[in-house]
Amino acid sequence: HLTACETATANIKAIATDPNTKTCKAALSGNRNIMFWNTYETPNSSDTTVSLENTPIAPSSPGTAISLQFSADGEADFDINYADAGQLSLLASYSAANGKTLSGTSSPFVSSPVAIVVYSDDANADCASVDASCSKFTKAGTPFNLKVNAACWTDDADTDFTDNPLTPNFDLASIGINHTVLAP
């Protein structure tokens, strides 16, 4: 699974069955161009593209060629990044010179926001103090406005998610809200 906007490392395995021994073996080794594309599971579409090795990939077949270095065991690592929230799958295809094609689909994976941010939508709502001396406090039962945003990751040291890019596809029904009494 991914954190939206944060690059992660994924792994692909190219495996074939040896016709003589009926055992699995590496189907690819060395540098190969693999065609990748993705499907959007939930939601079923997005204006945001998935990037592999810093290259945006097509959202449909035949995909985008990504050069990968496969080990002798038929495995290759690659960077993946998705700047939104949702559930997706990756699809891959390789056409060999002998006319044979390898193809596969990942298990669905989820890209989640780094945080759900709740804050006042009043630009003047900040207070130097977090106690009753703040002029922005109001009587119990008085309505006030809040914003709820699903934030993209920007940096591991980031602690203020209110200014982070948003994940427009984030969807979660029935978000529970709890409170903490700071004073009195």
Side-chain angles (χ1 to χ4, degrees), residues 1-15 27-28 31-71 74-95 101-123 125-126 144-178:
H1 297 294
L2 304 174
T3 300
C5 300
E6 184 176 24
T7 300
T9 300
N11 180 272
I12 186 171
K13 297 178 184 180
I15 300 170
L28 297 176
N31 195 313
R32 306 290 182 182
N33 283 327
I34 308 298
M35 300 300 288
F36 281 99
W37 65 99
N38 65 276
T39 59
Y40 299 102
E41 308 284 339
T42 306
N44 62 8
S45 66
S46 176
D47 292 333
T48 306
T49 58
V50 175
S51 291
L52 304 182
E53 295 295 305
N54 294 316
T55 302
I57 63 169
S60 60
S61 180
T64 303
I66 304 293
S67 178
L68 298 179
Q69 183 67 38
F70 284 84
S71 69
E75 295 187 39
D77 290 336
F78 57 92
D79 288 340
I80 182 171
N81 185 297
Y82 182 55
D84 203 347
Q87 184 176 28
L88 305 96
S89 293
L90 282 180
L91 295 92
S93 178
Y94 174 76
S95 296
T101 300
L102 297 172
S103 62
T105 304
S106 73
S107 297
F109 61 93
V110 173
S111 178
S112 302
V114 68
I116 304 296
V117 183
V118 180
Y119 59 99
S120 172
D121 68 352
D122 179 355
D126 289 338
F144 60 96
N145 296 318
L146 289 178
K147 280 190 175 181
V148 178
N149 288 332
C152 246
W153 176 90
T154 57
D155 185 285
D156 283 342
D158 187 13
T159 58
D160 177 10
F161 303 113
T162 60
D163 60 350
N164 289 36
L166 304 180
T167 59
N169 275 338
F170 180 75
D171 182 30
L172 180 62
S174 302
I175 297 176
I177 297 177
N178 293 320

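These values consider heavy atoms only, across backbone and side chains, with no hydrogens, waters or symmetry-generated copies. Source: prediction; values computed, not measured.
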Exercise. Tell me, do L88 and V50 make a side-chain contact under 4.5 Å, heavy atoms counted?
Worked result: yes
Problem set entry | Sub-4.5 Å side-chain heavy-atom contact between T101 and S93 | yes
For this session: Report the distance from atom SG of C152 to atom OH of Y82, rounding to the nearest 0.5 Å.
Result: 10.0 Å
For this session: Taking all heavy atoms of T167 and all of A4, pick out the closest pair and write down the distance.
Result: CG2-CB, 3.5 Å
Seminar exercise, completed: dist D77:CG -> E53:CD (nearest 0.5 Å) comes out at 9.0 Å
Problem set entry | Criterion side chain to side chain contact (heavy atoms under 4.5 Å, CB included) against N38, the qualifying member of I80, L90, T64, T49 | L90
Exercise. Does the side chain of S111 come under 3.5 Å of the side chain of D84 through a donor N or O and an acceptor N or O?
Worked result: no
Seminar exercise, completed: All heavy atoms of P113 vs all of F170, minimum pair found to be CG-CD1, 3.4 Å
For this session: Just jot down the ring pair (Phe, Tyr, Trp, His ring centres under 6.0 Å) partners of F161, sequence neighbours excluded, or say none.
Result: none
Problem set entry | Value rounded to 0.5 Å, distance of CG in N149 from OG1 in T162 | 9.0 Å
Seminar exercise, completed: Taken to the nearest 0.5 Å, the spacing of I57 CD1 from S51 OG works out to 8.0 Å
Exercise. Looking at NZ of K13 and OG of S71, how far apart are the two atoms once the value is rounded to the nearest 0.5 Å?
Worked result: 10.0 Å
Problem set entry | Smallest separation among heavy atoms of D158 and T154, with atom names | OD2-OG1, 2.9 Å
Problem set entry | Check against side-chain contact (heavy atoms from CB on, under 4.5 Å), N31 and S67 | CA-CA 7 Å; N31 195 313; S67 178; 2.7 Å; yes
For this session: List the atom of W37, the atom of P59, and the distance in Å for their closest heavy-atom pair.
Result: CB-C, 4.3 Å
Problem set entry | Atom pair CG/SG of D155 and C5 - distance to nearest 0.5 Å | 12.5 Å
Problem set entry | With L68, the side chain to side chain contact (heavy atoms under 4.5 Å, CB included) member among N33, I34, L28 | I34
For this session: Evaluate side-chain hydrogen bond (donor to acceptor under 3.5 Å, both in side chains) for N81 paired with T7, printing each intermediate quantity in order.
Result: CA-CA 5 Å; N81 185 297; T7 300; 3.1 Å; yes
Seminar exercise, completed: Nearest heavy-atom approach of G86 to P43 is CA-CD, 4.3 Å
Exercise. Would one find more than 12 heavy atoms of other residues, nucleotides or ligands at under 6.0 Å from atom CG of D163?
Worked result: yes
Problem set entry | Under the ring pair (Phe, Tyr, Trp, His ring centres under 6.0 Å) test, residues paired with F36 that sit two or more places apart | F78
Problem set entry | P108 to Q87 - nearest heavy-atom pair and separation | CB-NE2, 3.3 Å
Exercise. With a 4.5 Å heavy-atom cut-off, do S89 and E41 have their side chains touching?
Worked result: yes
